[in-house]
Asks: 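Please read through the structure below; I'll follow up with questions.
Heavy-atom basis, side chains included; hydrogens, waters and symmetry copies ignored.
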Amino acid sequence: MDGILRAPVRTRTGNRRIRRPLLYPLSYGGAPPWYTCGPQAEPDRRAEAAPRPLIGHNRGVSTQFSLPGLTRLVTETISALDEVSFPLPVPGINELADEKDSLRTQLTTRILPNLTGSDALAVVVFGGSSGAGKSTLINTLVGEEVTEASILRPTTRTPVLVHHPQDASALSGHGLAELCQVRPSTGAIPGLILVDAPDLDSIDEENRRLSARLADAADLWVFVTTASRYGDHIAWSALTEAHERGMTTAVILNRLPARAKSAVRADLLGRMAMAGMGESPLFLIDDAGAVEGPLEASATAELADWLALISRTHAATSMAGRTMRAMMPAVRRELLLLADAAAAQHAAAEELRTAALAAAREPAARLTEHIASGRLAQGAPTTHWLTQASSGGRLSRLVTGRPGLFAGRRIPAREAALGSVLADVEQALGTALTGALIATRDAARRAWEDSYVDTAPLMRDVDVEATCTHTIASWRGDCAQLAAPLTSPLLGREGHAALLALAAAGIGGAKKALGKPALAEKAREALAERCERACLEVARRFSGALAELELPDGTALRLRASELVNALWEDE
């Protein structure tokens with residue numbers, strides 16, 4: 001196995017500055033003093049000194065923020081994230097949810113543990129392409145099979161977290177314990193957590209999402225690849241993105257055939273240099289052929305020595321602190337992005353609500369005009385009235401105003417006649433109102449279907465017939481209430497209410513028989529108001545679906561982001 005470290009040398013190509021690596025075999029005793037490794041190397045005594053604190057004056061946090069203050073701020077930020085959801089399915093909603101999960105993972109598994117404990121553990125995540133051999137490498141490092149390795153893809157479906165037993169207390173309450181199967185091993189390196197992550201290019205979407213979340217939690221991201229897969233776009237993009245975010249990275253080129261070692265190594269080093277990763281360690285592991293179980297311990301000896309050196313020299317603490325400081329500006333940006341997304345949810349909901357209510361405006365206006373012009377009385381209702389009110393008809397006494405002898409005996413007949421005419425009016429009203437309600441419903445549906453929001457889950461059924469029936473019955477009640485003070489020897493209470501309804505509908509003879517035009521106008525206004533309310537009820541059936549959603553409040557996120565401005569790490 002040929003493990004390699006490099007020191008950066010800067011050269012110029014045109015206007016671009018490229019870090020070109022110098023190669024240092026890990027077993028080389030004369031390795032540079034800034035990076036010693038291997039059993040022959042003498043440890044750097046300066047590195048063994050107590051590490052500087054991660055926070056405090058001139059160590060990353062504004063002096064106005066104490067350690068408890070920053071811890072409280074991060075804890076409150078996590079709580080604010082937990083309270084935020086994005087229920088409206090707008091374009092990019094899945095990405096927003098992933099962004100929120102990613103940010104929460106970074107805060108709970110990387111930042112908060114480094115603030116709340118002096119013995120914070122450094123998280124080393126082994127990630128990469130399918131079949132790169134991540135599980136086998138971890139099993140070899142700890143000397144036992146703690147994670148399943150197989151030719152089946154994907155093998156690692158649930159991530160496995162491996163730690164030394166003496167770190168169990170430091171791991172208690174750690175955010176990664178919720179995501180992984182936790183397995184102690186005496187062969188693990190104290191102070192380090194080794195995580196076997198699912199494949200970045202897994203065919204399972206949930207595996208890919210989980211792998212990305214684990215990458216967010218890493219203090220050191222170890223990219224495991226092979227000679228045939230190191231150029232894969234998905235995995236390589238993840239590696240470069242992690243490096244650009246300030247995360248410490250290392251590369252393991254696994255299962256490297258001897259005949260291709262020189263060419264593949266040169267190409268990979270070139271790629272790393274062009275990506276600005278000239279300082280990232282590169283480990284080469286020879287192809288061991290078809291093997292079952294862990295590799296020979298010698299295959300990963302230099303990798304194990306390097307990880308042990310990180311733990312022994314407190315480099316893990318420094319590495320975690322550097323990663324934490326580097327990510328804080330991005331945390332603030334992401335909080336503001338999520339706050340903007342929360343505001344956009346409210347804006348989208350208000351747009352849908354306005355569109356639904358606007359759908360009722362035109363149908364309601366047309367129906368109100370229909371009522372005001374007396375069209376409800378045209379046709380069958382007026383013809384029926386004239387038939388009943390003509391000479392000798394049951395309603396003729398109402399027209400002449402002369403009760404005659406024994407007028408009270410004919411009250412049931414007159415009220416039955418008024419009821420039959422009113423039935424024609426209500427039939428005409430039902431037809432007009434049903435048309436208005438259907439127009440409102442269809443207009444609201446079209447407006448929502450044309451929205452950029454996926455409104456299919458929010459659509460609601462509308463019972464037009466029930467709404468129409470309820471509206472007409474309510475208007476009858478209005479007329480009965482308005483007609484309650486009226487008295488006449490020709491009619492009872494129901495008869496007066498029916499006569500008032502006919503007058504309000506626009507039957508001229510009924511208006512004359514009632515003799516109270518102001519009262520008829522009140523009944524007509526009540527009908528117009530009932531019909532308008534029915535149209536709005538249909539519209540609110542749609543907007544009511546929005547009221548059921550728990551729309552996010554981005555105020556807390558924006559406040560946390562503002563506080564982070566004052567808590568950002570100062571320049572060293």
Side-chain angles (χ1 to χ4, degrees), residues 1-9 11 13 18-28 31 35 37-38 125-141 149-156 196-197 199-202 211 221-243 249-307:
M1 194 277 288
D2 186 6
I4 299 294
L5 292 175
R6 295 166 313 289
V9 175
T11 62
T13 303
I18 302 175
R19 294 174 179 265
R20 297 199 181 279
L22 289 178
L23 307 184
Y24 287 90
L26 291 181
S27 58
Y28 176 62
Y35 219 119
C37 186
V125 175
F126 284 70
S129 304
S130 175
K134 302 180 293 295
S135 302
T136 299
L137 289 177
I138 291 179
N139 290 338
T140 304
L141 282 171
S150 170
I151 61 172
L152 298 176
R153 300 289 173 259
T155 300
T156 306
D196 183 12
D199 303 328
L200 287 167
D201 56 354
S202 173
S211 181
W221 201 66
V222 180
F223 176 58
V224 183
T225 187
T226 63
S228 60
R229 302 294 300 276
Y230 70 89
D232 286 359
H233 174 72
I234 294 177
W236 184 260
S237 296
L239 172 64
T240 54
E241 181 182 351
H243 176 76
T249 56
V251 179
I252 297 177
L253 189 56
N254 193 22
R255 298 172 182 163
L256 182 60
R259 65 180 182 280
K261 178 179 292 188
S262 177
V264 171
R265 179 175 61 181
D267 184 56
L268 181 53
L269 288 174
R271 288 171 180 258
M272 293 173 65
M274 291 298 294
M277 292 184 289
E279 297 178 1
S280 297
L282 170 63
F283 297 91
L284 307 180
I285 298 180
D286 295 336
D287 186 5
V291 296
E292 293 185 5
L295 303 173
E296 293 292 334
S298 59
T300 58
E302 291 180 352
L303 173 61
D305 290 341
W306 180 65
L307 292 174

Asks: From Lys134 NZ over to Ser130 OG, what is the distance, rounded to the nearest 0.5 angstrom?
Replies: 6.5 Å

Asks: How close do Tyr230 and Leu268 get, heavy atom to heavy atom, and via which atoms?
Replies: CD1-CD1, 3.8 Å

Asks: To the nearest 0.5 Å, what is the distance between CZ on Arg265 and CG on Leu282?
Replies: 8.5 Å

Asks: Find the distance between CG (Asn254) and OG1 (Thr226) and round it off to the nearest 0.5 Å.
Replies: 7.5 Å

Asks: Got a sec, which residues hit side-chain contact (heavy atoms from CB on, under 4.5 Å) with Ala227, two or more places apart in sequence or on another chain?
Replies: Leu256, Pro257, Val264

Asks: From Ile252 CD1 over to Leu137 CG, what is the distance, rounded to the nearest 0.5 angstrom?
Replies: 5.0 Å

Asks: Atom CD1 of Ile138 and atom OG1 of Thr300: how far apart are they, to the nearest 0.5 Å?
Replies: 11.0 Å

Asks: State, to 0.1 Å, how close Ala197 and Val125 come at their nearest heavy-atom pair, and which atoms those are.
Replies: CB-CG1, 3.9 Å

Asks: Do the non-hydrogen side-chain atoms of Phe283 and Leu253 ever get within less than 4.5 Å of each other?
Replies: no

Asks: For a quick test of reading the model, state the closest non-hydrogen atom pair linking Trp221 to Gly127 and the distance between them.
Replies: CZ2-CA, 4.2 Å

Asks: Would you please name every residue forming a side chain to side chain donor-acceptor pair (under 3.5 Å) with Thr240, sequence neighbours left out?
Replies: none

Asks: Using the side chain to side chain contact (heavy atoms under 4.5 Å, CB included) rule, pick out the option among Asn139, Asp286, Thr140 that qualifies with Leu295.
Replies: Thr140

Asks: First locate atom CG of Leu239, then atom CZ of Phe223, and finally report the distance between them rounded to the nearest 0.5 Å.
Replies: 5.5 Å

Asks: Is there a side-chain contact between Val251 and Met272, using heavy atoms and a 4.5 Å cut-off?
Replies: yes

